Amino acid sequence: MNLLIEKFEQLKEIDDNWAQTVREEQKKDTPPENKELVSAFNELFSAAREAYKKDAKQAKSVFKTYMADDSSWLLEDVISSLEIFFEVSELRKIQSSDEKKAKKVVDYLFDNAIVYFDRQFANAYDELGFATLDSFYNTARVLDGLIGYYIMQHLSPEAMKRDLKTETEFGEGMCEYLVHKINENYQILQMNVLMDMIRADREK
């Protein structure tokens, strides 16, 4: 939490009204003029993510101290950026204690929710080690969305692995296994993304 406080102080030294300046810059299409402010803000955002992961209540308190009533937009951005991290928390917990079991979950999700789809796939949540049906469903949802993004962006295996580590904080072996599963099913996943895009376009 000390690092988050330090980053708030640093921004205030650069620009006493930094929050307003950042908001105004975000509305523009042109690159920000104050590079020092941009760099300091990016460091704050990163520190805020880590602080919120460790202690959400205390992080919110720091935000309220330094941004008063103007903190909601930034805090909401931080929380939104951590959606994947929190949604895969149960799978991360399984992986930390039994990686083989976590890979079994990944295999199941690829076969029943990501590559192919079974409407009743989430009913297996309990036998796969999840506390609730919702947590299992949400794990499948965010992984499906993340993988779809990788396919649409044509990310390389190494880029996918880096992003997985950042977004999920899975271990090295788990990230490598997920990338392996994506590469193994790449053509079908690519076709699924294309068909979803066509379907969405027709429904407009």
Side-chain angles (χ1 to χ4, degrees), residues 1 3-4 45-63 72 74-153 155 157-186 188-190 192-193 196:
M1 215 58 63
L3 180 61
L4 178 59
F45 196 87
S46 178
R49 278 172 53 93
E50 294 307 311
Y52 195 88
K53 287 179 194 176
K54 292 175 183 175
D55 190 332
K57 186 176 180 180
Q58 195 173 354
K60 287 179 180 178
S61 177
V62 173
F63 265 82
S72 60
L74 181 53
L75 189 56
E76 284 171 8
D77 285 351
V78 169
I79 294 171
S80 177
S81 77
L82 290 169
E83 178 189 3
I84 293 171
F85 174 80
F86 286 117
E87 293 290 10
V88 301
S89 60
E90 277 209 68
L91 183 54
R92 185 169 54 251
K93 185 178 178 181
I94 293 170
Q95 177 249 301
S96 66
S97 61
D98 188 345
E99 189 167 294
K100 187 176 180 181
K101 185 176 181 180
K103 288 177 179 178
K104 182 181 176 183
V105 173
V106 169
D107 288 339
Y108 179 86
L109 290 178
F110 266 74
D111 290 342
N112 295 278
I114 297 173
V115 178
Y116 303 105
F117 183 67
D118 179 346
R119 289 183 184 276
Q120 298 182 6
F121 82 91
N123 291 342
Y125 78 91
D126 189 30
E127 63 186 85
L128 289 169
F130 282 74
T132 66
L133 186 146
D134 282 347
S135 65
F136 187 60
Y137 175 81
N138 287 331
T139 298
R141 177 180 59 80
V142 298
L143 284 179
D144 183 45
L146 194 58
I147 290 167
Y149 170 78
Y150 293 161
I151 299 296
M152 289 180 69
Q153 296 297 316
L155 294 191
E158 195 59 37
M160 284 190 276
K161 190 168 79 170
R162 283 197 307 269
D163 192 70
L164 275 168
K165 283 183 180 178
T166 300
E167 294 288 351
T168 67
E169 292 193 10
F170 289 149
E172 183 81 12
M174 186 70 162
C175 289
E176 287 180 354
Y177 190 70
L178 273 161
V179 172
H180 162 73
K181 293 293 291 185
I182 294 169
N183 288 335
E184 188 178 53
N185 296 279
Y186 199 88
I188 300 175
L189 289 167
Q190 199 171 41
N192 287 351
V193 168
D196 287 345

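What you see is a predicted model; the values in this text were computed from it and never measured. Below, each value reflects all heavy atoms present in this structure, side chains not excepted, and no hydrogens, waters or symmetry copies.
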Next item on the list: Find the distance between CD (Glu50) and CE (Met1) and round it off to the nearest 0.5 Å.
Entry: 11.0 Å

Margin query: A quick test of your reading: do over 12 heavy atoms of other residues, nucleotides or ligands sit less than 6.0 Å from OH of Tyr137?
Written below: no

Notebook entry, point to check: Where is the tightest heavy-atom contact between Gly171 and Gln95, given as atom of each residue plus distance?
Noted result: N-OE1, 3.0 Å

Next item on the list: Kindly indicate whether a cation-pi arrangement holds for Arg49 with Phe85, taking the cut-offs as under 6.0 Å to the six-membered ring centre and within 45° of the axis.
Entry: no

Note to self: I need the Ile84 CD1 to Glu167 CD distance, nearest 0.5 Å.
What the structure shows: 4.5 Å

Checklist line | Results of ring pair (Phe, Tyr, Trp, His ring centres under 6.0 Å) for Tyr125 - residues two or more places apart only | finding: none

Item checked: side-chain contact (heavy atoms from CB on, under 4.5 Å) assessment of Glu83 paired with Ser80 -> CA-CA 5 Å; Glu83 178 189 3; Ser80 177; 5.5 Å; no

Note to self: Any side-chain to backbone donor/acceptor pair from Asn185 onto Phe110? Under 3.5 Å, distance only.
What the structure shows: no

Item checked: Spatial distance of atom NZ (Lys103) from atom CG (Leu91) [nearest 0.5 Å] -> 12.0 Å

Check: Does a side-chain N-to-carboxylate-O contact under 4.0 Å join Glu169 and Lys165?
Finding: no

Note to self: What I'd like to find out is whether the side chain of Met174 reaches to under 4.5 Å of the side chain of Val106, using heavy atoms alone.
What the structure shows: yes

Check: For the side chain of Thr168 and the backbone of Leu164, is there at least one donor-acceptor N/O pair under 3.5 Å apart?
Finding: yes

Next item on the list: Answer yes when Glu99 and Lys104 have at least one side-chain N-carboxylate O distance shorter than 4.0 Å, and no when they do not.
Entry: no

Check: Would Thr132 and Asp126 count as a side-chain contact (heavy atoms from CB on, under 4.5 Å) if you check the C-alpha gap in whole Å, the side-chain angles of each, and the deciding distance to 0.1 Å?
Finding: CA-CA 7 Å; Thr132 66; Asp126 189 30; over 6 Å; no

Check: Once you round to the nearest 0.5 Å, how far does CG of Asn192 lie from CD1 of Ile147?
Finding: 11.0 Å

Checklist line | CE (Met152) with more than 12 external heavy atoms under 6.0 Å | finding: no

Next item on the list: For the residue pair Met160 and Asn183, establish whether any side-chain heavy-atom pair is separated by less than 4.5 Å.
Entry: yes

Notebook entry, point to check: Going by distance alone, is a donor N or O of one side chain under 3.5 Å from an acceptor N or O of the other, for Tyr116 and Asp111?
Noted result: no

Check: Between atom CD1 of Ile114 and atom CG of Leu109, what is the distance when rounded to the nearest 0.5 Å?
Finding: 5.5 Å

Next item on the list: For Ala124, enumerate each residue passing the side chain to side chain contact (heavy atoms under 4.5 Å, CB included) test, keeping only those at least two apart in sequence or located in another chain.
Entry: Tyr108, Glu127, Leu128

Next item on the list: Decide yes or no for Tyr186 and Tyr150: does some side-chain heavy atom of the first lie under 4.5 Å from some side-chain heavy atom of the second?
Entry: no

Next item on the list: Assess whether side-chain contact (heavy atoms from CB on, under 4.5 Å) is satisfied between Thr139 and Glu87, documenting all intermediate values.
Entry: CA-CA 6 Å; Thr139 298; Glu87 293 290 10; 5.8 Å; no

Note to self: Test your reading of the model: is there a side-chain donor-acceptor pair from Asp55 to the backbone of Gln58, 3.5 Å cut-off?
What the structure shows: yes

Next item on the list: Please step through side-chain contact (heavy atoms from CB on, under 4.5 Å) for the pair Lys53 and Leu82, ending with a clear verdict.
Entry: CA-CA 8 Å; Lys53 287 179 194 176; Leu82 290 169; 3.5 Å; yes

Check: Are any side-chain N or O atoms of Asn138 and backbone N or O atoms of Asp134, one a donor and one an acceptor, separated by less than 3.5 Å?
Finding: yes

Item checked: Expected output: side-chain Ser61 to main-chain Lys57 donor-acceptor under 3.5 Å -> no

Check: OH of Tyr149: more than 12 outside heavy atoms within 6.0 angstrom?
Finding: no

Next item on the list: Report the distance from atom CD of Glu76 to atom OG of Ser81, rounding to the nearest 0.5 Å.
Entry: 12.0 Å

Next item on the list: Would you please classify the geometry between the Phe121 ring and the Phe136 ring as parallel, tilted or perpendicular, with 30° and 60° separating the classes?
Entry: tilted

Next item on the list: With the side chain counted from C-beta on, respond yes when Phe63 and Leu4 share a heavy-atom pair under 4.5 Å apart, and no when they do not.
Entry: yes

Item checked: Partners meeting salt bridge (charged side-chain N to carboxylate O under 4.0 Å, His left out) with Lys181 (sequence neighbours left out) -> Asp107, Glu184

